[in-house]
Amino acid sequence: MSAALAKLVNISDVSVVASGQGRVILDNVSIDVDAGEVVAIVGESGSGKSTLARATIGLLPRGVHVSAGRIEVAGVEPALLDERELRSLRGRTTGMVFQEPMSALNPTMPVGQQLTEVCRTHLGMSRGEADERAATMLERVRIRDPKAALRRYPHEFSGGMRQRLMLAAALLHQPKLLIADEPTTALDVIVQREVLELMTELVREIGAALMLVTHDLAVVAAYAQRVAVLDAGRRVDWGPVADVVLNPREAHVERLLAALPTGRRGNMQKTGATAPPVLEIEQLCVTYPGRRKLPWSPRVDRVALQSVTLNVDAGETLAVVGESGSGKSSLARVLVRLLRPASGCVKFAGHDLAQVRGAKLRELRRELQIVFQDPASALDPRMSIFEVVAEGLAPSALGDRAEARRRVAALLLEVGLEERFLEMLPHQLSGGQRQRVCIARALAAQPRVLVADEAVSALDLSVQSRILALIERLQLKHGFACIFVTHNLAVAERIADRVVVLYRGELVECGTTAEVLDRPSHPYTRALLAASLELGPIAPGKYGLRARAAHAATPTDSIIS
Amino acid sequence: MMLTFILRRVAQGLLTLAIAGTAVFLLIRVIPGDPAQMLVGDVGDPAMVAATRASLGLDRPLPEQWLLFASDLANGDLGTSIMTGQQVREVIMQAFPVTASVVLLATAIAALIGIPAGMWAAWRQGRAADYLLVGITSVLLSVPTFWSGLIVLVIFSVKLGWLPALGYVPLGEDLRAGLIALIMPVGVLVLAELATLARMMRSSTLEVLRLDYITSAQARGVAPWAVLLRHVFRNAFAPTMTTLGLMLGHLLGGVVVIEKIFGLPGIGRLLVDSIVQRDYPIVQGCLLFVAFIFVIVNLIVDLLYAALDPRVRV
Amino acid sequence: MRGFKLGMAGTGGALLLGFMVLLTLAGLVVMPHDPIALDFTQRLAAPSAAHWLGTDQFGRDVLSRVMLGGRGSLLVASLTVLLTVAIGLPFGALVAYVGGWFERLSMTVLDALLAFPSLLIALGIMAVIGPSTSGVVMALTIAYTPGVVRVTRSVALSLRETGFVQASEVLGWSTAHVVCRHVIPNCIAPIAVMGASLFAAALLAESALSFLGVGLPPPAPTWGGMLADGRPFLSEASWLSLFPGLAIAVSLLGCNLLGDALRDRLDPRMRSAGGST
Amino acid sequence: MFMWGCLCFAGPGGAAANAEPILRVALASDLRSTNPGINRDSVTDWVMTHVVEGLVATNAELAPAPMLAESWSVSDDGREYTFRLRPDVKFQNGATLRAAHVVWSWRRMLDPQTRWPCRSWYDGNGDSGVRIDAIQAVDEHTVRFRLREPDPLFLYRLADVQCHVAIIHPESLDANGNWRWPIGTGPYRLKEWRRGRYVELERFDGYSLAAQPASGFAGRKEAFVRNVRLVVIPDASSAKLAVLSGEIDIWPLTAAEALPELRRDSHVDLLQEASRDWSVLLMQNRSGVMSNPALRAAIASALDPELISQSTMHASRPLRPYGVPAEEIAPDILARIPPAYQPQRTQELLRQAGYKGELIEIDVSRETGSYFNDAIVVHALLVRAGINARVRSMDWATQFKRYLGHEYQLSLFGYTGRATGPMMYSVFVCDPVKRVNCVVHTPRALAIMGELNTSSPQRWPVLMGELEMEIAHDRSIIGLYAPLRITTVRRSVVGYETWALGMPRFWGVRVDAPGQTTAVAKRLARVSAASGQGTWP
């Protein structure tokens, strides 16, 4: 009995091809998973990591097929099974959890039914038995009042709770192998940590193996025993986490690790203490109209921001940290007047942005620019890059076309794009290049304040660090104040002079990067710090998980619904 | 929350009816030609025409006529036909079952065939079944109903003589003859509706199949028919149902062309004939009834939508 | 459009539609026979060498009348589409941008119009205006504009949330500039898709109106009118109704295939709004 | 298919053991109402002539003949008419006809509340007709009418079909005077009316047969078939298929398009009815370019009536240049009337009229029969003559409004036939002040019309000849043809006959089961029917 037999999963020299254009997604990849082991598959977007996970149980999308190699799961080859046998394999030995909590559960079906669907078909359980088992599992994944939860519908749960429901569904039939395809990428930091802890705990409890697909090296370091690093469909490195990640031997892995946001921005010497702040925000409240319960009952509005007061100094970088629903993007939108505040005021160059109108507003707005998160919808698909950036120039400058071309070319150069990009169209550019064009467009208006609303969250790690460096360089050169909105503490620490923490619309923490990150005063900030997983260099060529704050309390119970 | 949803929809429906009613009132009065002249005929005695106009209330100023029209409408009186003196409500109630029997039967058949076909084509996208369905539906959508109606009439009635060309026999009166009389019109209507429903169902099923919970159901080893029935159908049917509602609402307003070819005394024919005869009360009654049916059908569809999709309910 | 390929079905559709348009345009230059002149010696002649598609009850050549009829039908359909888009597009964008009571009011009025089947609206208007080309075009435009406005509004609303529209606002450009430079150009794609199905619907409606006798005024024939006139001679001279019906069907097939291809290539968002009664 | 009971060939009274066959007739449109004369059209008249009768009725020679009145006398000053009623005539509700019923019926029709369209004939303010001063019941069986002044046409008016005064029983109205159901004295009772679908007549067994032989709408109207079902089939091709498949026995006013197929079928006969209706091309003479008589003459000269009459396939119609059939007009005057169609002089006449290519529109409605085909031919003829013409098709209501308001230029129009010449001409020759729809109104024409209205029948041919001469001079009306009225009758029907007024009569008709009819009876029926004028033995 060769060692291979004892393996739970054995993937040898597998290649996967998209039959349409014949594009190679996986090129001759081999990995294996022992019973009860946690194996991570890591790589940037487009590296083929989730394809590898799905291929394991033959769930490749239409038009994509395994062109070479063999896959064995629990001694059986899924590719050779007929429809019924493949289904019972999935129904008994394997389970899967997906990335997007919003569409993970059938919105029109009560949660209980979706959970027990498998048990009753594959394990022949009666309705009562299956419900009983589901209720205990929900209890186990810490869903409040599990009996009632069975009858409720998916949209009545938050993202984090839905991911726990998915976990319960995948583990209900005690599978031998759980495949998790970026289970927590879409979740906030605290919830992410909870779900990961819960998943690994449960898997260990039922002795199942876990194949964890992620792009976050910190998660790999924290939870996996062995790891496979993929780049553009090829396996770059494979082995225990200590050899592959903590003491990187492959150039590609070193590059990834180097791109991690580490270190802290030297705090700027205050240029003259008395320089007036470029932006003063006083008692700012923002609400979104809600729906009426009954036609005559008063309309209950959702409060996004609750009396926020904040000043921003010229040339400073202020990080705004908070989870989804904390109101951070509402704040960003109010500052550039895309949203009208319910009350309070935003003073800029002696005017209250909320009151000013017409030509004066249009003139003032040019000095407050924004870069959005999603590069795909940031550029007008119909316009060339020249036209996009030229729109940033003042209307007066657009008269002379040659002059405009010269200025746009200069701006592109500043953001690291050669002149050949002028005539290209947005769909020909990568995500990173598009963000650079957005920055160039914002610069064209010579703003005094640049708001970056999660500007790097949608980018791969390597691209992310280059964009952050670019912003820092431009800020030094042009002296604009930068308000950097993010949910990632490491990014905030690397780029910001001061950090502000938002929690449910309230400003709970404000201070220099050091004050906030080393001596947090608000419990939420402490929970945030404790939950964040960060990998950093602990010695030349050696990396380790950084214990964030010595006196941070253990991650409190899920105070986040 | 459900109550708000219903009340808002009902209010919207009433407003639509009010606007539709006024539009109809004005439109019919602007049409040249005068019912009084039609009634008196070619004897052409001016005094007689004037007297008829007065008795029909047509000589009074427009706003006054509108008020009269609105107050009658309020207490459900649609007035009496100028030409036959019959209660408009009665005339409509005679014509509507004709149209309703053809349309409902055709829609039911089209739905029973079209919806599963659409789903199956989406499930086997890119394979033979899918291309076949898309091809057939493209052709069906391109054949005008009046052309297909004529061809069917020539083949089955003139050449083969299987089916009678003689018009409509109410189902209540003689079920067998009634059904035989409906075969051709329903058949032609089914061809047209089938294509639209199948295409709609196919596209909404394709969108649902892309979502994660379908893949996760498959990952949990759920059988294809269970995936299709339990997961895909409920989510894919909602948008198709809205189109079905729109289509049903319009068709119940009278399939004029089919009624003309097969000699069915339905609402469509009644409306066209009464426009030609300038029978104001009947035209107003018909158009209002058509609008009323449309609003009701769509209200029902919205309620079903809420029943199907819990997100709308809460 | 850059790198624009329609796929097999789409090109097939374009060819079919192109053939019918070509046939109609050829009619402007050369016409086998005078489509209006009567010839009582050649009444109801079957398709022959002299008359490829036979003659009608007045001895007029059916082929030339199909070519002449095409002019009427295709003209009405294209004018309707142009007018509907010309009105619907800006109005839809405006409604999306202005919002508030204006949006609620116009949407309610449009819903009221939607309550009537388009054929009935056209019938009513035709009875008012009397049969004329402009009458038919106006009637169909009023019947179809609500549809275009609704689509444009939904597309415009989703565009408002996109990065490039908001960035343009933030760059201090006026709403008018934003709408003209970003919103309307990006509405062209979905409207082009709807245009194809609109063209098919207008062609069908015009034929139905002619069939009911309220379509374009004679003697200029339209396909629907010829179909209706041929009806009494169905068993005796079936080609009178067969060929005009075929002309309509081929043009409709062309439109539908073209519309589907456009929809798949240009704008997945339009997928749900497909289909036409 | 409909089940056929077999008919044993017993007399009408004989109790047939099995179900009596029903005579099924196709109608193009439904009844307007069951209120005879008030809310009517030609189809309603057909049905009502079987249910109700008047004092006198039009006979085969289109003259007034005794009906409910067996005889009448006229006072020497011609102002008093005394009618003696037939004894023991029964109403369909069993009541016996008495003079009081006649007076009640007449008073009801003349009462303005009833809104009878033809009231202007008898209340004195119409431009034709004469005022009735009094109607009294002298005794149980005698009714006397006293007129304001003598009216030679009075009896013709009483016999007129469109403006017929039906003698009905007061129970036809409900308690508060609203119309309920017709109770007349006709051979058939109105049994059932399913709106939009069919009307069913049932034989009135208590019907008392008149003494005189059957002639037109008068005389012995003996009903043989127990039930007559008149089915509404608006669509021509459906009606054709119904006749071919035996679901319908008689199809009056058969559509032209159905003729070729019906001619080829051995189970049906096509009977050509005479018709006094008149299809014309009206030329407006009051305003605009058409008011120039020279232009009207030029246009008339270009229109070949022969070609127009053949506009509809398989249905070429008899030419009718004049308001009444040519044989009713004095032949010597007819010879002197110049024909309208003179193609060789058209260009010259156009030059004389100073025609500079102005647009001339031809009004036509698509619904009324084959007028639309005529419009196509007229348009082609005018275009060939170099006249800038255009067809303007519209629905009947619009065309009728333009006719009454004289907004048309050319208009293809039709007049319903009247029994007598004077009544026919009085429809379109009249004083525009008094009536809206006057077409010919030259002083000379009005003078002749006045004389015609008050002269006895002997002088009608000469007067009508002079009137036609004036019409030819004025050129506002071009007589085209008498519309083709063909009735399709299945061979299984025996005894159906056509006659001069061209309106269907279902009394005197038998329906045989196809197999059982004896050859002799069939041939006899067909011979007499074909001759058109054959009198019942």
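When reading the values below, keep in mind they use all heavy atoms of this one structure, side chains included, and skip hydrogens, waters and symmetry mates. Chain A is the first sequence line, chain B the second, and so forth, proteins listed ahead of strands; every chain is numbered from 1.
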So how far is it from B:Phe146 CZ to C:Ser210 OG, rounded to the nearest 0.5 Å?
8.0 Å

Most contacts with chain B, counted as non-hydrogen pairs under 4.5 angstrom, among C:Gly245, C:Gly13, C:Gly254
C:Gly245

At a heavy-atom distance under 4.5 Å, which candidate from B:Cys286, B:Ala291, B:Pro144, B:Gly13 has the highest pair count against chain C?
B:Pro144

Check the surroundings of atom CZ in C:Phe91: do more than 12 heavy atoms from other residues, nucleotides or ligands lie under 6.0 Å from it?
yes

From C:Leu252 atom CG to B:Leu140 atom CG, the distance as rounded to the nearest 0.5 Å
12.5 Å

Side-chain contact, heavy-atom cut-off 4.5 Å: C:Val109 with B:Ile19?
yes

Does CZ in B:Arg127 sit with more than 12 non-hydrogen atoms of other residues, nucleotides or ligands closer than 6.0 Å?
yes

Nearest heavy atoms of C:Ala249 and B:Trp147, plus distance in Å:
CB-CZ3, 3.8 Å

At a 4.5 Å cut-off on heavy atoms, which part of B:Ala192 comes close to chain C: side chain, backbone, both, or neither?
neither

Quick one: what part of B:Val272 sits under 4.5 Å from any heavy atom of chain C, side chain, backbone, both or neither?
side chain

Portion of B:Leu17 that has a non-hydrogen atom of chain C nearer than 4.5 angstrom:
neither

Within this structure, what is the OG-CG distance for the pair C:Ser238 and B:Leu150, rounded to the nearest 0.5 Å?
11.0 Å

With only heavy atoms counted, which part of C:Leu253 is less than 4.5 Å from chain B, the side chain, the backbone, both or neither?
both

Looking only at heavy atoms and a cut-off of under 4.5 Å, which of B:Val139, B:Thr242, B:Leu287, B:Ile151 has the most pairs with chain C?
B:Leu287

How about C:Phe102: does its CZ atom have over 12 heavy atoms from other parts shown lying under 6.0 Å from it?
yes

Verify whether one side chain among B:Ser142 and C:Asn256 offers a donor that lies under 3.5 Å from an acceptor in the other.
yes

Using a cut-off of under 4.5 Å for heavy-atom pairs, which of C:Leu203, C:Leu227, C:Ile248 has the most such pairs with chain B?
C:Leu227

If you round to the nearest 0.5 Å, how far is OG of C:Ser197 from CG of B:Leu141?
10.5 Å

